[in-house]
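Structure, as structure tokens:
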Amino acid sequence: MPGKIQQQAIRDVEKAIHEMVNTVKDLSEDTIRRKPSAEEWSIMQVIAHVAEAIPFWLGEIRQIIQSPKNVWGRDHTNKIRLEAVDEAAVDQLAVENVIKDLENIPAQTEETLSKLTDEQLQLIAPSRNPNFDGKTVQFIIDKLIVGHIQGHNGQIQRNLSKLQ
């Protein structure tokens, strides 16, 4: 049975993903794919990013648990991250497939987080991103998973207010 901290994070991810999916599932494809401005991501880029990023961070947690001395993470110039939000690449994705990928995130999160011990939550491993060096697994969960999804939910809402 996962501890209270892990249970809360699992619930928070489920709630945030549920909010994201419910927000986008009834939008027109044009709304999902339209950018509010040249500098901003479309909602499709946002959901494609979340669908790629959260499984990435869950994998990084598993890696830290297995080998805490290995370097974890990525920065904003990471090729895979950039490809996940590349406008041309995202244009090739089917909205319904990305939504299905999002819907799988709570189960993936539960699978990984439910196995963590309180001691593992406090593990620290070196990070590729100097801003995250010295941070714990708990930080990854709070900031790069839960907070990440919540932040992108806010981004979707801001986009919608500009697109309407």
Side-chain angles (χ1 to χ4, degrees), residues 2 5-64 72-116 127-129 131-132 135 137-164:
I5 294 170
Q6 299 91 316
Q7 290 175 0
Q8 184 63 51
I10 291 165
R11 284 192 302 272
D12 290 347
V13 167
E14 183 175 19
K15 179 181 176 191
I17 290 294
H18 183 74
E19 178 184 335
M20 185 174 287
V21 168
N22 280 342
T23 298
V24 302
K25 72 179 181 183
D26 293 327
L27 297 175
S28 71
E29 185 149 344
D30 177 63
T31 299
I32 291 172
R33 293 188 182 276
R34 195 167 5 117
K35 295 173 71 160
S37 72
E39 301 81 37
E40 295 175 277
W41 286 356
S42 67
I43 292 171
M44 185 62 177
Q45 285 173 292
V46 173
I47 64 175
H49 168 67
V50 171
E52 180 276 329
I54 303 310
F56 172 83
W57 293 120
L58 291 169
E60 293 297 276
I61 289 171
R62 291 189 297 273
Q63 176 201 299
I64 292 169
W72 66 273
R74 64 186 182 187
D75 60 22
H76 284 64
T77 64
N78 177 271
K79 181 182 178 196
I80 295 170
R81 180 192 177 279
L82 293 174
E83 288 173 356
V85 296
D86 177 75
E87 197 170 351
V90 170
D91 283 348
Q92 302 304 310
L93 299 174
V95 172
E96 52 275 353
N97 291 343
V98 175
I99 290 173
K100 285 179 188 172
D101 290 343
L102 289 174
E103 292 173 330
N104 289 328
I105 287 175
Q108 294 168 3
T109 301
E110 183 172 11
E111 171 70 20
T112 298
L113 301 190
S114 66
K115 296 176 182 174
L116 297 178
S127 176
R128 286 180 183 84
N129 184 332
N131 295 328
F132 300 152
K135 302 295 185 183
V137 167
Q138 184 66 56
F139 169 85
I140 297 169
I141 294 166
D142 294 342
K143 173 80 173 165
L144 302 177
I145 296 178
V146 175
H148 199 130
I149 300 167
Q150 291 170 339
H152 285 301
N153 271 332
Q155 183 180 13
I156 289 170
Q157 293 303 320
R158 288 187 301 278
N159 279 17
L160 284 173
S161 69
K162 293 175 186 178
L163 293 171
Q164 295 175 348

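Since we're looking at a predicted model, the values are computed, not measured.
Asn129 places no side-chain N or O within 3.5 Å of a backbone atom of Gly73 that could act as its donor or acceptor partner. At distances below 3.5 Å, at least one donor-acceptor pair connects side-chain atoms of Asn104 with backbone N or O atoms of Lys100. Of the possible donor and acceptor atoms, one in the side chain of Asn159 sits under 3.5 Å from a partner among the backbone N and O of Trp41.
For the atom pair CD (Gln63) and CG (Leu58), the distance works out to 13.0 Å, reported to the nearest 0.5 Å. The CG atom of Asp142 sits 11.5 Å away from atom NZ of Lys135, with the distance rounded to the nearest 0.5 Å. Note that the NE2 atom of His49 and the CE atom of Met44 stand 14.0 Å from one another [nearest 0.5 Å]. With rounding to the nearest 0.5 Å, the separation of CD in Glu110 from CZ in Arg11 is 11.0 Å. Note: Thr23 OG1 to Asn153 CG = 6.0 Å, rounded to the nearest 0.5 Å. Summarising the geometry, atom OG belonging to Ser42 is positioned 9.0 Å from atom CG belonging to Leu163; distances are rounded to the nearest 0.5 Å.
Across all non-hydrogen atoms, the minimal contact from Ile99 to Lys25 is CD1-CA, 4.1 Å. Counting all heavy atoms, side chain and backbone alike, Trp72 lies closest to Leu144 at CZ3-CD1, 3.8 Å. Annotation for Glu14 and Pro106: closest pair CA-CG, 4.0 Å, computed over non-hydrogen atoms. Minimum interatomic distance between Ala48 and Val90 (heavy atoms only, all atoms of both residues): CB-CG2, 4.1 Å. Taking every heavy atom of both residues into account, Ser114 and Ile10 meet most closely at N-CD1, 4.1 Å. Here the closest heavy-atom approach between residue Glu40 and residue Lys35 is recorded as O-CE, 2.6 Å.
In this structure the side chain of Lys15 never reaches within 4.5 angstrom of the side chain of His18, judged on heavy atoms. At a threshold of 4.5 Å between non-hydrogen side-chain atoms, the residues Ile140 and Ile64 count as touching. By the 4.5 Å heavy-atom criterion applied to side chains, Gln108 and Ile54 are not counted as neighbours. Considering only heavy atoms from C-beta on, Gln45 stays 4.5 Å or farther from Gln155 through its side chain. Considering only heavy atoms from C-beta on, Val50 comes within 4.5 Å of Ile105 through its side chain. Side-chain contact check for Gln157 versus Leu160: some heavy-atom pair is nearer than 4.5 Å.
A donor atom on one side chain and an acceptor atom on the other are found under 3.5 Å apart for Gln8 and Asp12.
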Start with the C-alpha gap between Arg62 and Glu111, add the side-chain angles, then the distance that decides, and say whether side chain to side chain contact (heavy atoms under 4.5 Å, CB included) holds.
-> CA-CA 11 Å; Arg62 291 189 297 273; Glu111 171 70 20; over 6 Å; no
Evaluate the criterion side chain to side chain contact (heavy atoms under 4.5 Å, CB included) for residue pair Leu27 and Val95; output intermediate values, then yes/no.
-> CA-CA 10 Å; Leu27 297 175; Val95 172; over 6 Å; no
Would Ile145 and Ile61 satisfy side chain to side chain contact (heavy atoms under 4.5 Å, CB included), going step by step from the backbone distance to the final call?
-> CA-CA 11 Å; Ile145 296 178; Ile61 289 171; 3.7 Å; yes
Does the side chain to side chain contact (heavy atoms under 4.5 Å, CB included) test come out yes or no for Ile5 and Leu116, once each step is laid out?
-> CA-CA 10 Å; Ile5 294 170; Leu116 297 178; over 6 Å; no
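Salt-bridge annotation for Glu52 and Arg74: present, with a side-chain N of the basic residue lying under 4.0 Å from a carboxylate O of the acidic one.
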